[in-house]
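Structure, as structure tokens:
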Amino acid sequence: MNKIGIRAHDIGKFNAKELADKTKAYGFDGVQLVFKKAIDQPVDLGDLSSIDEAFKNLNIMMLGAYFNPVHPDQEAVKNGIDNFKNHLKIAKSINAKFVGSETGSYMGSPWGYMPQNHTDEALDKVIEIFSDLTKTAEENDAYIAIEGAYAHVAYEPKRIRKVLDKIQSKHLKVTIDLYNYLHIGNYHDRMEIFDECFELLKDDIVIFHLKDFVVKENKLVQVGLGQGLMDYQSIINKIKKEAPNAYVIFEGVIGDDIKTSYELIHNLIKEGK
């Protein structure tokens, strides 16, 4: 059965034990954890005993070490790679299942759309960097979860497929964030895009990010799960059937929406069990 998690800093920023307690109180099975955003004290990667103890009854589904592999500032790229490798090296020690990142934008920061992002040259750069990162994952028995998005280099599921085919490692897996593939010109095709993710990537999908949205002033605006246009009955049924061991993780669900979103997804997963 799919386990349900949440991006920890969407609950808030606390010490590790308090954060874990709040996560469990909502009912979640685990978290996506970005140390600097979710933990209110500096985290020493050389001593993670307090993190390990706090989360011993929760899954650390992913360590977020997101960085921009095609940032125009090469120092920023180097720092991002170093940080990602450090997370791969410690992941197993705290039983963190995956270390995750997206594929970046030549805009730098923020990671917005630029035509150059969608070129083969950009994809080749991402493949080069993630190939190197995958070697570190293999050496440390860790696993990477790579995530596509329309504005980024891997702008469609086919581009993620190309990355996997080129690198060919069981230590490189996939996060599917359907919302991230959408824009004002294609959101009507969201279920077809979701189906394509399974057709191309089914055996490598380990995480689904769950988001919902409405359209306001010709823009996609995120809302709580079940409050927007996403058909979560169909989405969860598909996940249960095709990827029953994948984690489903809320991203950008905050405040009062956390409780109602959890109830919706929990009930849909439990249906028929």
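The first residue of the sequence shown is numbered 1, and numbering continues consecutively from there. Reckoned from all heavy atoms, side chains included, excluding hydrogens, waters and symmetry mates.
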Which donor-acceptor pairs under 3.5 Å do the side chains of residues 196-205 make with protein atoms, sequence neighbours left out?
from : atom 1 : to   : atom 2 : distance (Å)
E196 : OE2    : K158 : NZ     : 2.7
K202 : NZ     : E242 : OE1    : 2.8
D204 : OD2    : R161 : NH1    : 3.4

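- Between Y150 and H118, the distance from one ring center to the other falls under 6.0 angstrom.
- For the residue pair N83 / K85, no side-chain donor-acceptor distance below 3.5 Å is found, with atom types taken as modelled.
- Residues V31 and F55 are in side-chain contact: their nearest non-hydrogen atoms beyond the backbone lie under 4.5 Å apart.
- At a threshold of 4.5 Å between non-hydrogen side-chain atoms, the residues I6 and Y262 do not count as touching.
- The shortest non-hydrogen separation linking T103 to V70 is O-CG2, 4.2 Å.
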Go through the steps for F35 and L63 under the test side-chain contact (heavy atoms from CB on, under 4.5 Å), then give the verdict.
CA-CA 8 Å; F35 292 135; L63 290 177; 3.8 Å; yes
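- For the residue pair F208 and I239, the shortest heavy atom distance occurs at CG-CD1, 3.7 Å.
- By the 4.5 Å heavy-atom criterion applied to side chains, V77 and I129 are counted as neighbours.
- Within the 4.5 Å cutoff, the side chain of F67 has no heavy atoms near those of the N79 side chain.
- Side-chain heavy atoms closer than 4.5 Å link hydrophobic residues (I, L, V, M, F, W, Y) into clusters, and following such links, even through other members, never connects Y155 to M114.
- Distance alone, capped at 3.5 Å, places no donor-acceptor pair between the K240 side chain and the N2 backbone.
- A pairwise comparison of heavy atoms in A145 and I207 identifies CB-CD1, 4.4 Å as the closest pair.
- At most 12 non-hydrogen atoms from other residues, nucleotides or ligands lie less than 6.0 angstrom from NZ of K166.
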Compile the donor-acceptor pairs under 3.5 Å between side chains in residues 244-255 and protein atoms, sequence neighbours left out, one pair per line.
from : atom 1 : to   : atom 2 : distance (Å)
E251 : OE1    : H209 : ND1    : 3.4
E251 : OE1    : K211 : NZ     : 3.3
E251 : OE2    : Q32  : NE2    : 3.1

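- Pairs passing the ring pair (Phe, Tyr, Trp, His ring centres under 6.0 Å) check and including a residue from residues 158-179, sequence neighbours excluded, read Y143-H171, Y179-F213.
- Under the rule for a side chain to side chain contact (heavy atoms under 4.5 Å, CB included), the partners of E192 that lie at least two apart in sequence or sit in another chain are D189.
- With respect to the salt-bridge test (charged N to carboxylate O, under 4.0 angstrom), the residues D52 and K56 do not qualify.
- A salt bridge does not link R190 to D231: none of the charged nitrogens lies less than 4.0 Å from a carboxylate oxygen.
- Within the 3.5 Å criterion, the main-chain N or O of G46 finds a donor-acceptor partner in the side chain of D44.
- In this structure, the side chains of L220 and I184 come closer than 4.5 Å at one or more pairs of heavy atoms.
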Yes or no on side-chain contact (heavy atoms from CB on, under 4.5 Å) for V34 and H9, after CA distance, side-chain angles and deciding distance?
CA-CA 7 Å; V34 182; H9 59 271; 4.0 Å; yes
Begin with the C-alpha distance, continue with both residues' side-chain angles, and end with the deciding distance and a verdict on side-chain contact (heavy atoms from CB on, under 4.5 Å) for D177 and E102.
CA-CA 10 Å; D177 187 326; E102 294 171 317; 5.6 Å; no
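- Under the 4.5 Å side-chain contact rule for hydrophobic residues, V215 and Y232 share a cluster.
- By the 4.5 Å heavy-atom criterion applied to side chains, T260 and Q227 are counted as neighbours.
- Taking CG of L58 as the start and OG1 of T23 as the end, the distance is 6.0 Å to the nearest 0.5 Å.
- Considering CD1 of I167 and CD1 of I144, their distance stands at 7.5 Å, rounded to 0.5 Å.
- The cluster map of Ile, Leu, Val, Met, Phe, Trp and Tyr, joined by side-chain heavy atoms under 4.5 Å apart, puts I265 and F194 in the same cluster.
- Counting heavy atoms of neighbouring residues, nucleotides and ligands inside a 6.0 Å radius, atom NZ of K3 does not exceed 12 of them.
- Interatomic distance, CG of N237 versus CG of L268, reported as 7.0 Å (0.5 Å rounding).
- Counting only distance, with no hydrogens or angles, the side chain of D212 and the backbone of V223 share no donor-acceptor pair below 3.5 Å.
- Taking both residues in full, the closest heavy atoms of P72 and G108 are given as CD-CA, 3.5 Å, listed atom of the first, atom of the second, then distance.
- With sequence neighbours excluded, no residue forms a salt bridge (Lys or Arg N to Asp or Glu O under 4.0 Å) with E138.
- For the pair K97 and V206, the minimum side-chain heavy-atom distance is 4.5 Å or more.
- Between the OG1 atom in T119 and the CD atom in E121 there is a gap of 4.5 Å [rounded to 0.5 Å].
- Taking each heavy atom of V214 and G228 in turn, the nearest pair found is CG1-CA, 3.9 Å.
- Every pair passing ring pair (Phe, Tyr, Trp, His ring centres under 6.0 Å) that includes a residue from residues 89-112 is listed here, sequence neighbours excluded: W111-H152.
- Salt-bridge check for K78 with D73: failed, with every basic side-chain N at 4.0 Å or more from each acidic carboxylate O.
- A continuous path of hydrophobic side-chain contacts links I235 to Y187 [ILVMFWY only; heavy atoms under 4.5 Å].
- Atom CG of N57 sits about 9.5 Å away from atom CG of D21, to the nearest 0.5 Å.
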For the pair L178 and M230, evaluate side-chain contact (heavy atoms from CB on, under 4.5 Å) and give the outcome as yes or no after the intermediate values.
CA-CA 10 Å; L178 176 57; M230 292 290 200; 3.9 Å; yes
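- Taking a 6.0 Å sphere around NZ of K259, one finds it holds 12 or fewer heavy atoms contributed by other residues, nucleotides or ligands.
- Using a 4.5 Å cut-off between side-chain heavy atoms of Ile, Leu, Val, Met, Phe, Trp and Tyr, with links allowed through other members, L229 and I193 fall into the same hydrophobic cluster.
- Formation of a donor-acceptor pair under 3.5 Å by the N95 side chain with backbone atoms of I60 is not found in this model.
- A distance of 8.5 Å separates NZ in K89 from CD in E139, rounded to the nearest 0.5 Å.
- Looking only at distances, no side-chain donor or acceptor of R159 sits under 3.5 Å from a matching main-chain atom of E156.
- Residue A20 comes nearest to A54 through the heavy atom pair CB-O, 3.3 Å, listed as atom of the first residue, atom of the second, then distance.
- A heavy-atom distance below 4.5 Å is not found between the side chains of F84 and H87.
- Within a 6.0 Å radius of CG in D165, other residues, nucleotides and ligands contribute more than 12 heavy atoms.
- Listed for the N117 side chain is no donor-acceptor partner under 3.5 Å among the backbone atoms of Y113.
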